Amino acid sequence: MGALALSFTMHGQDFHRCYTQEAMEIQETLTPGYIDRVNETFERAKLVGTQNREEVLTIPVVVHVVYNTAAENIPDSVIYNQIDILNADFRRTNEDAVNVRDTFNSIVGDTYIDFRLATVDPEGNPTTGITRTNTAVTSFLDFAPLAEGVKHTADGGVDAWDKSRYLNIWVCDMSYFGDVFLLGYATPPDGLDHWPPGAIDGMDDGVVVQYHCFGSNNPNTLMIGGVARDVYGRTLTHEVGHYLGLRHIWGDGGCGEQDGIDDTPNMSSESPQDCDLVKNTCVDDIGDLGDLPDMVENYMDYSAETCQNSFTIGQGNLMRSVIENFREGLIDDNPAVGLGIKEQQDAPFEIELFPNPSSNGQVTISISAIDVHSDVMVFSETGQLIKALTVNGGSNELVVGDLAPGLYFVNVSNEVGVRIEKLIVH
Ligand SMILES: [Ca+2]
Ligand SMILES: [Ca+2]
Ligand SMILES: [Zn+2]
């Protein structure tokens, strides 16, 4: 990989926030015409638009933790925290959303996209949506291309789950001789019928994040240039933006290049990890808003994570159209819980929960498959495993008095299949 080798000759503290654009250029050298297909897909997604902007689209997620040291084996609590941040950022329930400058108030918005750790794996078995793989690989950077080795069991990583049905997120070390080199990269949708486009060395679909940057409660400190950086979990927000088709807000070029989104102000270049609320580097004319300042609050800039708090409505609509038209396997034929699992609908048994909603601390689960051992797992709305037990078919009591009021998913699996029902606890 010539392009990557050049970067390696630079100073040891050379650091890259995101390598998605570089990943696209590497893929282009492997399979010429690739970038044209990505651009064509972007234009088609923009043209078609979203069907119903306020219908929530739920994407099932699997997080693959691939670790060499104990520190890289980040705990479940960090993963849950990161998924909460991802949801808050996409649903605009993040506490710092109020920090966006008034001048942008009319263009920012909820994307109506959310994410849930998968509760059923590709074989139909119950899962926490988290895999853990111990590896002998000390840094995945340097596998050709980029850190793609983390996506392959044969290279010391772990193979993707069905890429058409799960958003695969790998968390690993991509440092360069001990220095953090790269925070993350993602693969944009390229039409996906031909992904990867017949190339053995092609990128595998999904997102890779440096382990220091996952969640806001990560015990590992991100050091860049000898300085500790605030980590708010926004590397993943940014990379999932790319995975769903968004480009950098400055368009990876000067004022002559832009991101293709009509309501994002253009910028001449990326922000250098700062929060400059004064700069206005390109002249725009967005609606009747006139020339807006550079939108450093946008997740698709390289501003400090503490400065970022917004997607625009145009960005949300583009991502929705990408899901509806190019990544539709993530949402089509979903059961009610939106887990992206088709088979569970066909399980040859039924389950029933009553009373539902439950307000007396107890729920009866009735499983029509009599005398079959079943695993019962209760998940929070964001896919966090709350409790698990094994029961026989028929009627069983489930204690829910210890659960906070809210929406839960009850997953019942046994040798004949899987069923999932929503449970509301009052
Ligand atoms: Ca724009
Ligand atoms: Ca401007
Ligand atoms: Zn990026």
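In each ligand, atom 1 is the first atom listed, and ligand 1 is the first ligand listed. Computed from a prediction, not measured in an experiment: that's the story for all the values here.
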Check against ring pair (Phe, Tyr, Trp, His ring centres under 6.0 Å), Y299 and F311:
CA-CA 6 Å; Y299 297 121; F311 283 121; 4.7 Å; yes
Looking at [Y] and [X], is there a salt bridge between them, counting it only when a charged N and a carboxylate O are closer than 4.0 Å?
X	Y	result
R247	D252	no
K151	E148	yes
R132	D76	yes
R234	D96	yes

Evaluate the criterion side chain to side chain donor-acceptor pair (under 3.5 Å) for residue pair D375 and T390; output intermediate values, then yes/no.
CA-CA 5 Å; D375 292 315; T390 301; 3.0 Å; yes
Can you name the N/O/S atom of D259 that is nearest the Ca ion (ligand 1)?
OD1
D262 N/O/S atom closer than 3.0 Å to the Ca ion (ligand 1):
no
So, is the end of the R44 side chain (NZ or CZ) under 6.0 Å from the ring centre of F326 and within 45° of the ring's axis?
no
Could you tell me whether the side chain of M319 reaches within less than 4.5 Å of the side chain of V240, counting heavy atoms only?
no
Do F115 and F90 have their ring centres less than 6.0 Å from each other?
yes
Quick check, are the ring centers of H248 and Y302 under 6.0 angstrom apart?
yes
Aromatic rings Y19 and H16: how do their planes relate, parallel, tilted or perpendicular, breaks at 30° and 60°?
tilted
Atoms of the protein (N/O/S only) found under 2.8 Å from the Zn ion (ligand 3)
C18 SG, H238 NE2, H242 NE2, H248 NE2
Considering the Ca ion (ligand 2), could you give the total of protein N/O/S atoms lying closer than 3.0 Å?
5
Rounded to 10°, how many degrees is the angle O/T264-the Ca ion (ligand 1)-O/I261?
100°
